[in-house]
Peer 1: 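What follows is a structure written as structure tokens; I'll ask about it next.
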Amino acid sequence: MTPAPGDEARALVASIGRWDGRPLTFMEVCGTHTMAAARAGLRSLLPPKVRLVSGPGCPVCVTPVGYVDHAIALAARPEITLVTFGDLVRVPGSRRDLEAPAPTLARAKARGADVRVAYSPLEALAIARAEPAREVVFLGVGFETTAPTIAAVVIAAAAEGLANVSVLGAHKTMPEAMALLAASSELTIDGFLCPGHVSIVTGPEVYAPLADRFHKPCVIAGFEPVEILRGVDALVRQAAAGRAFVENAYPGAVRAGGNPRARAVQDEVFEPCDASWRGLGVIPGSGLAMRDRFARFDAARRFDVRLPAPREPRGCRCGDVLRGAIDPTECALFGTSCTPDTPDGACMVSGEGSCAARWQNLEIGP
Ligand code: SF4
């Protein structure tokens, strides 16, 4: 008989609580895990020797400030309609020389820019069809979960012959960032709680180098509190046994080989490239660039935008938060100048950001 979730959760907490070896630090790299763990108060259920920290799992948070500057500059052009997911509109850019306290897409819209919030990139296609005189630019930000959808939009636009839609891309792939963190001496990570949604597309195999090369246990977990606890328990078990392998604790959704169809669509439009991550710098092969044959849909190539070198918001420690090096409360701006109403950095804006979660009295970090 399957145990009730409450019974299983209690049993898992007890199992994890029996760990009495060296302190263990596990990192989750998924914004949905960040919020789910925080909402359920899972950190308070873990013993002092087992720590769950948040890493670079929030796509808006890891998008560098230079990209935000680029988007704001595009929005300022009168011929452009900028279409974006909602979180991005409040992320501060760095051009404080132009605007105080900080420029954002929301402030650009208030000044008259045509910025529209969408729930799906398909809405950009609909706008492009309905308003052929407008140049419609979609902000393509996200991980392996988002890239196939954006690719499908580009393929559809090409098939339709739509000439007035493009994507400003900042897609990233997670395994390369995890490898960077695994190799870092800044924080010793004893294992990864691997992202469930990303893994549905990639399959579990992409984490094998983390286990084989860096000897980091990797467990793919779902998003219910009991599923996250299952993942942490599995990580503790691997660490206790001195083993490191990829374990799929989310088998109902994640299959061997992932979703080859989604990856084929993605590969048709994008190719790997080096990518800049907030807080982690440029990581080789961790981004997705539009292939040359789709160049006309690449907003970065379509519109000539020249900007000064970007600057991170002064005092904001999003980068340290995203590497798991500090808890959000260790940032001097946390709760002083930086709150969800007046965010200084992306991690306080996004619904998946560690700082925003912490502010809501949800607990993340050490
Ligand atoms: S609290 Fe605000 S300023 Fe500090 S790291 Fe988080 S987002 Fe940046």
Peer 1: Would you give the length of the straight line joining atom CZ of Phe223 to atom CD1 of Ile228, rounded to the nearest 0.5 angstrom?
Peer 2: 8.0 Å
Peer 1: Taking a hydrophobic cluster as the set of Ile, Leu, Val, Met, Phe, Trp and Tyr residues connected by side-chain heavy atoms closer than 4.5 Å, whether directly or through intermediates, do Phe192 and Trp277 fall within one such cluster?
Peer 2: yes
Peer 1: Would you check if there is a donor-acceptor pair between the side chains of Thr342 and Thr339 at a distance under 3.5 Å?
Peer 2: yes
Peer 1: If you count every heavy atom of other residues, nucleotides or ligands that lies below 6.0 Å from Arg237 atom CZ, does the total exceed 12?
Peer 2: no
Peer 1: Salt bridge or not for Lys216 and Glu247, using N-O below 4.0 Å?
Peer 2: no
Peer 1: Check step by step if salt bridge (charged side-chain N to carboxylate O under 4.0 Å, His left out) holds for Arg302 and Asp298.
Peer 2: CA-CA 6 Å; Arg302 189 176 176 115; Asp298 183 348; over 6 Å; no
Peer 1: If every non-hydrogen atom of Gly17 is compared with every non-hydrogen atom of Pro47, which pair is closest and at what distance?
Peer 2: CA-CG, 3.8 Å
Peer 1: For Ser199 and Tyr207, does a side-chain donor sit closer than 3.5 Å to a side-chain acceptor?
Peer 2: yes
Peer 1: Check whether any side-chain heavy atom of Met348 lies under 4.5 Å from a side-chain heavy atom of Phe334, and answer yes or no.
Peer 2: yes
Peer 1: To the nearest 0.5 Å, tell me how far Phe297 CZ sits from Met290 CE.
Peer 2: 8.5 Å
Peer 1: Got a donor-acceptor contact below 3.5 angstrom from the Arg323 side chain to the Gly319 backbone?
Peer 2: yes
Peer 1: Any salt bridge between Asp267 and Arg291, counting N to O under 4.0 Å?
Peer 2: no
Peer 1: So, the side chain of Glu28 versus the backbone of Gly55: is there a donor-acceptor pair under 3.5 Å, distance only?
Peer 2: no
